[in-house]
Amino acid sequence: MGAPRPDDARGVFGISVAAELAGLGAQTLRLYEARGLLEPARTEGGTRRYSVNDLDRLRRISDLLAAGLNLAGIRMVLDLQDENSELRAGDPPTRQSAQAPQPRRRSRRPEQG
DNA sequence: ATTCTGACA
DNA sequence: TGTCAGTA
């Protein structure tokens, strides 16, 4: 299945190239981040670095938008998908709870694009 | 960060 | 008219 390549999690693209590859505007990427749909890595200087996974996530966002969901709904879907992925990673033979104590992220982050 | 516009209900 | 996404 989908192997957890560290490369795919590594932020490599600047915001403008990520936007280009995603077929979106750079501002849109910032908006998505402000809405909690995305959290790209940062360089030491604080500039965004988008990973392949981030690109993949942007694609999913576009698909969900086209499906008629709003950003709040998309955030929920994305969170659940991530949560599900994590469950597959460990997969303990015994499942007692489907509740993952996910740290609710709602941190407003001022940034330098 | 804020404002403005276009789409939609 | 109000909300929402995307933009300037």
Side-chain angles (χ1 to χ4, degrees):
Chain A
M1 275 259 181
R5 300 290 137 99
D7 316 11
D8 291 357
R10 213 60 93 189
V12 289
F13 309 107
I15 189 169
S16 43
V17 359
E20 183 70 39
L21 292 175
L24 300 169
Q27 299 180 104
T28 303
L29 301 198
R30 292 198 193 217
L31 175 64
Y32 290 169
E33 182 177 355
R35 297 295 229 135
L37 305 191
L38 203 59
E39 186 141 344
R42 302 279 182 152
T43 65
E44 293 187 31
T47 90
R48 281 168 244 256
R49 276 294 181 276
Y50 290 83
S51 68
V52 173
N53 286 342
D54 291 329
L55 246 23
D56 199 65
R57 175 170 288 228
L58 286 171
R59 215 167 214 30
R60 277 183 281 155
I61 293 173
S62 295
D63 288 347
L64 266 0
L65 277 172
L69 297 192
N70 63 17
L71 296 185
I74 292 174
R75 185 174 75 76
M76 294 178 180
V77 171
L78 260 26
D79 283 351
L80 289 173
Q81 287 181 344
D82 287 353
E83 191 175 315
N84 186 279
S85 295
E86 287 181 25
L87 289 178
R88 294 201 172 197
D91 234 276
T94 163
R95 92 294 299 142
Q96 186 57 41
S97 66
Q99 305 163 344
Q102 194 181 28
R104 180 91 356 214
R105 78 167 106 89
R106 209 61 188 114
S107 38
R108 209 97 292 176
R109 191 114 310 208
E111 43 71 22
Q112 306 296 332

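Heavy-atom basis, side chains included; hydrogens, waters and symmetry copies ignored. These figures come from a predicted structure and were not determined experimentally. Proteins get letters first, then strands, A, B, ... in listed order; numbering begins at 1 in each.
In this structure, A:L31 places its CG atom 10 Å from C1' of C:dT7, rounding to the nearest Å. The separation between A:L71 atom CG and B:dC8 atom P is 16 Å, rounded to whole Å. Straight-line distance from the CG atom of A:L58 to the C1' atom of C:dG6: 14 Å, rounded to whole Å. The interatomic distance linking A:R30 (CZ) with C:dA5 (C1') rounds to 17 Å, in whole Å. Taking atom CZ on A:R35 and atom P on C:dG6, their separation rounds to 10 Å, with Å as the unit. Atom CG of A:L29 is separated from atom C1' of C:dA8 by 16 Å (rounded to the nearest Å). Remark: C1' of C:dC4 and CD of A:Q27 are 16 Å apart, rounded to the nearest angstrom.
Comparing C:dA8, C:dA5, C:dG6 by their closest approach to the side chain of A:T28 singles out C:dG6. For A:N70, taking side-chain heavy atoms from C-beta onward, the closest of the listed nucleotides C:dT7, C:dG6, C:dC4 is C:dC4.
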Verify side-chain contact (heavy atoms from CB on, under 4.5 Å) between A:L64 and A:I61, making sure each step is shown before the conclusion.
CA-CA 5 Å; A:L64 266 0; A:I61 293 173; 5.8 Å; no
Assess the residue pair A:R59 and A:D63 against the criterion (salt bridge (charged side-chain N to carboxylate O under 4.0 Å, His left out)); give the C-alpha distance rounded to whole Å, side-chain angles, the decisive distance to 0.1 Å, and a yes or no.
CA-CA 6 Å; A:R59 215 167 214 30; A:D63 288 347; over 6 Å; no
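Rounded to the nearest 0.5 angstrom, A:L31 CG and A:L37 CG are separated by 8.0 Å.
Panel note: side chain A:D56, backbone A:N53; no donor-acceptor pair is recorded below 3.5 Å.
Taking a pair to require two hydrogen-bonding distances under 3.5 Å in either a Watson-Crick or a G-U wobble arrangement, C:dA8 pairs with B:dT2.
Heavy atoms of A:L24 sit nowhere under 4.0 angstrom from any nucleic acid atom.
Taking only side-chain nitrogens and oxygens, A:Y32 comes nearer than 4.0 Å to OP1 or OP2 of C:dG6.
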